Amino acid sequence: GSNISTNISEADSFWKYQGQINTYVSRLQLLLQNGSPDADLLVYLPVFDDPADARFTSVLDALNAHGYAWEWVNNDALLQSEWGNAGLTIGTMTFQAVVIPDVPALPVETAEKLAVLADAGLPVIMFGQLPSQQPGYLNYAENDGVVADYIQAIIGQSGGSHASDTDALATAITALPHGSIYYEHN
C-alpha cells in the first residue's frame with residue numbers, strides 16, 4: 001500500500017481559502033450522508049477480475065451512453081438478493097436488471113440464483129461469451145455442465161437474454177425501465 005498526506009500551512013497559496021474549502025467539503029459530506037444511492041442496473045464483477053478490462057468497459061460504455069446508472073455486484077451480494085415487486089433488492093438498494101459481462105465462468109451457486117431470479121422475472125442480460133464453466137476444480141466436469149445448463153435456462157426465461165455484441169446490448173438495455181435518475185446522451 002501507499003500512504004498519502006497533505007501538508008497544509010500558511011505558506012500555501014490556497015491557505016486563505018482553506019476555511020471556505022472545509023465548509024464546502026462539510027456540506028458535500030452532509031448531502032452524501034443523508035442521500036440515498038440510485039442505480040438502475042447491476043454489472044457482475046467476479047472477485048479477481050479487473051474492472052478496467054475491455055470486457056467490462058464495453059458494457060459500461062454502452063450503459064453510460066444510454067443514461068443508465070449502474071453498480072458493481074459480486075457473488076455474495078447476488079446470493080443475498082431478493083426479488084420483489086420493486087425489483088431486485090440488495091440491502092436497502094433496489095435494481096431493475098443484472099448484466100453479466102463477457103465472463104467465462106460463474107460459481108454454480110451464482111448461476112443457480114440468477115436462473116431463479118430470471119424465472120421470477122428479473123431481466124438478466126448476458127453479454128458476449130456465455131459462461132460455460134465454474135471457476136474451481138472440484139467436480140469441474142459435472143459443475144461446468146450445471147453452470148452451462150443454468151445459463152441456458154436463464155436465456156430461455158422471459159427475463160433472460162443474450163447480447164452477443166454492443167449493438168445487441170444497446171437494444172436489450174433500452175427495453176429496460178430507467179430509475180428515478182438517468183442521464184441523456186449528448
Side-chain angles (χ1 to χ4, degrees), residues 31-131 134-135 147 150-185:
L31 285 172
L32 292 171
Q33 290 170 0
N34 288 314
S36 59
D38 183 39
D40 305 307
L41 311 170
L42 292 169
V43 177
Y44 176 72
L45 179 66
V47 175
F48 297 110
D49 276 0
D50 179 7
D53 188 292
R55 297 177 299 146
F56 300 106
T57 57
S58 60
V59 169
L60 302 181
D61 290 345
L63 294 175
N64 292 336
H66 287 86
Y68 285 91
W70 54 270
E71 291 283 343
W72 294 116
V73 67
N74 62 19
N75 299 314
D76 291 338
L78 278 174
L79 293 175
Q80 295 172 21
S81 67
E82 295 181 15
W83 176 252
N85 291 334
L88 182 68
T89 302
I90 300 175
T92 60
M93 294 185 66
T94 302
F95 306 92
Q96 301 308 312
V98 176
V99 178
I100 308 296
D102 190 3
V103 294
L106 277 177
V108 172
E109 300 82 15
T110 303
E112 179 182 18
K113 180 70 174 195
L114 288 168
V116 169
L117 292 170
D119 184 46
L122 173 71
V124 177
I125 303 168
M126 300 282 180
F127 174 72
Q129 174 187 348
L130 293 172
Q134 47 85 39
V147 167
Y150 280 132
I151 297 306
Q152 291 306 312
I154 291 167
I155 293 172
Q157 300 297 334
S158 61
S161 63
H162 177 221
S164 58
D165 57 31
T166 53
D167 290 335
L169 178 63
T171 301
I173 61 174
T174 54
L176 299 172
H178 276 287
S180 58
I181 298 173
Y182 70 97
Y183 308 94
E184 291 186 8
H185 183 63

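Predicted, not measured: the structure shown is a model, and the values here were computed from it.
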Show every donor-acceptor pair shorter than 3.5 Å between a side-chain atom in residues 99-120 and any protein atom, with sequence neighbours excluded, or say none if there are none.
from: Asp102; atom 1: OD1; to: Gln129; atom 2: N; distance (Å): 3.0
from: Thr110; atom 1: OG1; to: Asn75; atom 2: OD1; distance (Å): 2.9
from: Lys113; atom 1: NZ; to: Ser81; atom 2: O; distance (Å): 2.9

With a 4.5 Å heavy-atom cut-off, do [X] and [Y] have their side chains touching?
| X | Y | result |
| --- | --- | --- |
| Val98 | Leu122 | yes |
| Asn64 | Trp70 | yes |
| Asn74 | Leu45 | no |
| Phe127 | Ser58 | yes |
| Thr171 | Asp167 | no |
| Thr94 | Leu88 | no |
| Phe56 | Tyr44 | no |

Check: Any idea which heavy atoms bring Ala77 and Val73 closest together, and the distance?
Finding: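 Closest pair (atom of Ala77, atom of Val73, distance): CB-CG2, 3.7 Å.
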Item checked: Set of side-chain hydrogen bond (donor to acceptor under 3.5 Å, both in side chains) partners for Asp49, sequence neighbours left out ->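 For Asp49, the residues satisfying side-chain hydrogen bond (donor to acceptor under 3.5 Å, both in side chains) (neighbours in sequence not counted) are Arg55.
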Flag, side chain of [X] to backbone of [Y], donor-acceptor distance under 3.5 Å:
| X | Y | answer |
| --- | --- | --- |
| Gln96 | Leu42 | no |
| Tyr68 | Ile173 | yes |
| Asp40 | Ala69 | yes |

Note to self: The criterion is side chain to side chain contact (heavy atoms under 4.5 Å, CB included); which residues satisfy it with Ala168, sequence neighbours excluded?
What the structure shows: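 If we apply the side chain to side chain contact (heavy atoms under 4.5 Å, CB included) test to Ala168, skipping adjacent residues, the hits are Ala163, Asp165.
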Item checked: Partner of His162 by side-chain contact (heavy atoms from CB on, under 4.5 Å), out of Leu169, Ile155, Val124 ->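 Of all the options given, the one that passes is Ile155.
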Item checked: Point-to-point distance, once rounded to the nearest 0.5 Å, from CE of Met126 to CD of Gln152 ->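 So the CE of Met126 and the CD of Gln152 are separated by 9.5 Å.
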